[in-house]
Amino acid sequence: MIERDFGFDIVSPTNGKYPLMRAGIIHTPHGDIRTPNFNVVGTHGQVKFLPPADMHSIGAQVMLSNGYHLFRRATVISASGGLAKWSDWNGPTFTDSGGFQVMSLGSGLGKVISVDLADADDESKLREPDERLAQVDDEGVLFRDPYSSRIIKFTPELSIETQHKIGADVMMSFDELTNISDSYDYNVRALERTRRWAERGLREHIRQTELRKNRPYQALYGVLQGSYYLDLRAKAARDISEMNINGWDFDGFGLGGVLAKDNLADILTTMCEILPVNKPRHLLGLSHPDDIFVGVETGSDTFDCVAPTREARHGRIYTMDGNFNLKKSEFKDDERVLDAECDCPTCRAGHSRAELRALLKSSELSDHAMAYNLLTIHNVRFIVRLCEQIRQAIIDGYYDEYKQAFWQRYYK
RNA sequence: GCUGGGGUAGUGAAGUGGUUAAACACGGCAGACUGUAAAUCUGCUCCCUCUGGGUUCGGGGGUUCGAAUCCCUCCCCCAGCA
């Protein structure tokens, strides 16, 4: 049996009001991750407009990339010593499996991801099968690149093999994320498929781990689906946490496809009550403050989301008093920094809203790049700091007070 | 002064006798964004009492059933020649 250079320690006292909530430390070959933590998304192996030095300067702990997007470069990354070294981030890394793309390039193509239960069970909202860039069957997913027309058949085995080549500290099992409009019956079938894919992925993981004995151990998280159906969520939690092949099981869990905002707490509670306490859980794809609070309270340890980086580029700025759109004309002559209390390098350097707005709206590409960098630093720092403060509040026992104070200002 | 080209939304422009002029692009204003087909996407952008109605193609006049479009004249811009 191979030594697993991966572990999770809970460092917070138990909390009666939130029995599932915890602060902890995830140990990886590239360093410890203090949780709760926001993992910054760098799909293609680097965070857009946030180079490694900036990542470090704002206290980011993890970069999360994607095995699907890095598929063609996996061999090069492997030869360069793995994702952490290749990207020059040199810290802990996660990779996603490509499972999200089953939905984003498939049934939900071209649409904003719906989190509205009004769209639930309404199959008319689904993309027509022949228009999709991702076609699912039991074997795997056929991805079509719209630019090159290249076709890749992604299977659980290929996803895991690719993620092993990329060499992130934590990998995700290949799952099928369903659309909120998919029917219950479809979700039953998709969940069973995801369960079989998890098992195939775990087998491949064992094989790859033994093949790459000289490399640092890469943890594999099993991903749970089930849409907003609590019975399916419970089944997923049992199936994935009980999965065991020759003594091998999952090192942690990815909570996937949690799109229904109205139902978030119930979905997460249902899963985390069943999952073993001593393994870390990653809540896939969410980062709005209210989602993080709910996630933390119901037992999630790490988070990731494209929103802080994408919204920064689009001029949506996070502050303690809520968000604002920097592109609005009212900020044209606003000499204040983005957020008076912010400790990010952008705010500390005194960049004003007026200046940043001008850069963002400039016709010069180099000005855009400057604005994107400064704004991404700010937004990501906001979410990273939120997680740091939540962690401290959990450990020191004032979580509820912290949450109330934050909530009253942010959602006033 | 002469010759030629041209004046159409904030800007650049399509339209060159006949469906309701203003397509398209940029700019402007607002919105969206949750495991990144995203430095993206959507809407609005002449005026009004706005589910409708009205005014406009540099100014004036003319030809015609009908003119941004043809003619005359004036003004302005650009190029060349004096």
Side-chain angles (χ1 to χ4, degrees), chain A residues 38-50 62-70 94-106 108-116 127 132-134 143-148 150 159 163 168 170-177 180 221 223-225 254-261 264 282-292 294-295 300 302-316 318 323-332 359-376 379 383:
Chain A
F38 174 69
N39 298 353
V40 188
V41 178
T43 301
H44 295 267
Q46 58 186 74
V47 181
K48 290 184 177 180
F49 298 97
L50 196 67
V62 179
M63 177 174 73
L64 180 145
S65 302
N66 194 307
Y68 168 70
H69 298 264
L70 291 176
F94 281 42
T95 44
D96 190 19
S97 60
F100 179 75
Q101 280 62 40
V102 180
M103 192 282 283
S104 70
L105 300 179
L109 182 67
K111 290 178 190 168
V112 169
I113 294 161
S114 178
V115 294
D116 189 349
R127 194 78 179 183
R132 301 177 185 182
L133 298 175
F143 287 111
R144 186 161 52 83
D145 182 338
Y147 306 114
S148 67
R150 207 174 343 214
S159 174
Q163 292 187 77
V170 175
M171 304 174 290
M172 296 290 153
S173 65
F174 192 55
D175 60 324
E176 179 184 0
L177 171 52
I180 203 158
Y221 284 18
V223 177
L224 283 58
Q225 290 292 340
L255 313 179
V258 187
L259 300 175
K261 284 210 83 151
L264 207 58
H282 178 79
L283 177 48
L284 285 152
L286 298 183
S287 77
H288 293 171
D290 52 344
D291 298 334
I292 289 185
V294 171
S300 293
T302 53
F303 303 82
D304 79 90
C305 187
V306 302
T309 47
R310 179 188 290 168
E311 293 188 339
R313 296 194 301 277
H314 297 173
R316 186 111 191 126
Y318 299 177
N323 302 341
F324 68 88
N325 183 354
L326 184 63
K327 288 185 285 190
K328 283 167 76 89
S329 52
E330 64 180 283
F331 302 112
K332 197 180 165 92
L359 287 173
L360 196 59
K361 294 185 77 81
S362 162
S363 55
E364 297 293 324
L365 229 54
S366 58
D367 289 343
H368 287 183
M370 176 75 78
Y372 296 151
N373 173 241
L374 293 167
L375 300 175
T376 301
N379 272 7
I383 298 295

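Nothing here was measured: the structure is a model prediction, and the numbers come from that model. Every chain is numbered from 1, with letters handed out A, B, ... down the list of sequences.
- Within the 4.0 Å cut-off from OP1 or OP2 of U36(B), at least one side-chain nitrogen or oxygen of Gln101(A) is found.
- Looking at heavy-atom distances under 4.0 Å, Asp96(A) makes contact with a base.
- Under the Watson-Crick or G-U wobble criterion, with both distances below 3.5 Å, C81(B) is paired with G1(B).
- Considering only side-chain atoms of Asp175(A), the nucleotide from C33(B), G35(B), A37(B) that sits closest is G35(B).
- Across the protein-nucleic acid pair, Leu375(A) atom CG and A39(B) atom C1' stand 11 Å apart, rounded to whole Å.
- Rounded to whole Å, the separation between the C1' atoms of C47(B) and C2(B) comes to 43 Å.
- Listed by chain and number, the residues in a side chain to side chain donor-acceptor pair (under 3.5 Å) with Asn379(A) amount to none (sequence neighbours excluded).
- Checked against A39(B), C33(B), A37(B), the side chain of Lys48(A) finds its nearest nucleotide in A39(B).
- The aromatic rings of Tyr68(A) and Phe143(A) lie tilted to each other, with the angle between the two planes from 30° to 60°.
- Under the side chain to side chain contact (heavy atoms under 4.5 Å, CB included) criterion, Asp290(A) pairs with Lys261(A), His288(A), Trp407(A), Tyr411(A), sequence neighbours left out.
- The CD1-C1' distance, from Ile113(A) to G35(B), rounds to 9 Å in whole Å.
- Sorted by first then second residue, the side chain to side chain donor-acceptor pair (under 3.5 Å) pairs that include residues 305-314 of chain A, not counting sequence neighbours, are Glu311(A)-Tyr318(A).
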Report summary line: Under a 4.0 Å heavy-atom criterion, the protein footprint on nucleotides 27-32 of chain B, written with B, S and -, is -SSSSB
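- Between the C1' atoms of A68(B) and G6(B), the separation comes to 14 Å (whole Å).
- Under the Watson-Crick or G-U wobble criterion, with both distances below 3.5 Å, C29(B) is paired with G43(B).
- Between Thr43(A) and G35(B) there is no side-chain N or O to OP1 or OP2 distance below 4.0 Å.
- At a threshold of 4.5 Å between non-hydrogen side-chain atoms, the residues Ser97(A) and Gln163(A) count as touching.
- The side chain of Arg313(A) contributes no N or O atom lying less than 4.0 Å from OP1 or OP2 of A38(B).
- For the pair Leu374(A) CG and A39(B) P, the computed distance is 17 Å after rounding to whole Å.
- At a cut-off of 3.5 angstrom, the base of U36(B) holds no donor-acceptor pair with the side chain of Ser104(A).
- For Arg127(A), the side chain to side chain contact (heavy atoms under 4.5 Å, CB included) partners at least two apart in sequence or on another chain are Leu109(A), Glu131(A), Arg132(A).
- Every side chain to side chain contact (heavy atoms under 4.5 Å, CB included) that Asp145(A) has, sequence neighbours left out, goes to Arg72(A), Tyr147(A), Ser148(A), Arg150(A).
- Between Leu259(A) atom CG and G35(B) atom C1' there is a gap of 10 Å when expressed in whole angstrom units.
- Atom-to-atom, CG of Leu70(A) to P of A37(B) comes out at 12 Å; the value is rounded to the nearest Å.
- Checking Asn66(A) against Gln101(A) by side-chain atom types alone, a donor-acceptor pair falls below 3.5 Å.
- When rounded to the nearest whole Å, the span between NE2 of His368(A) and P of A38(B) equals 18 Å.
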What are the atom names and distances for every N/O pair under 3.5 Å that joins the protein to nucleotides 9-11 of chain B?
none

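- As judged by a 4.0 angstrom heavy-atom cut-off over every strand, His69(A) is placed among residues touching the sugar-phosphate backbone only.
- Qualifying side chain to side chain donor-acceptor pair (under 3.5 Å) partners for Ser173(A), counting only residues two or more places apart in sequence or in other chains: none.
- Side-chain atoms of Asn66(A) and base atoms of G35(B) include no donor and acceptor less than 3.5 Å apart.
- A21(B) and U56(B): their C1' atoms are spaced 9 Å apart (whole Å).
- Contact of Glu176(A) with G35(B) (side chain to base): no donor-acceptor pair of N or O atoms is detected under 3.5 Å.
- Looking at heavy atoms from C-beta onward, Ile180(A) lies out of side-chain contact with Asp116(A) at the 4.5 angstrom threshold.
- In this structure, A22(B) makes no Watson-Crick or G-U wobble pair, since no nucleotide meets both defining distances under 3.5 angstrom.
- Among the heavy atoms of the strands lying under 4.0 Å from Gly257(A) is at least one base atom, whether or not backbone atoms are also near.
- For the pair Leu177(A) CG and U36(B) P, the computed distance is 10 Å after rounding to whole Å.
- Across the P atoms, A22(B) and U16(B) are found 14 Å apart, a figure rounded to whole Å.
- Where Phe49(A) and Leu64(A) each meet RNA chain B at their nearest nucleotide, the meeting point lying more 5' is that of Leu64(A).
- In this structure, C57(B) makes no Watson-Crick or G-U wobble pair, since no nucleotide meets both defining distances under 3.5 angstrom.
- Remark: P of U36(B) and CG of Asn39(A) are 12 Å apart, rounded to the nearest angstrom.
- In this structure Ser329(A) satisfies the side chain to side chain contact (heavy atoms under 4.5 Å, CB included) test together with Arg357(A), sequence neighbours excluded.
- Nucleic acid contact class of Asp145(A) (heavy atoms, under 4.0 Å, all strands): none.
- Contact check for Leu284(A) versus Asp304(A): side-chain heavy atoms found under the 4.5 Å cut-off.
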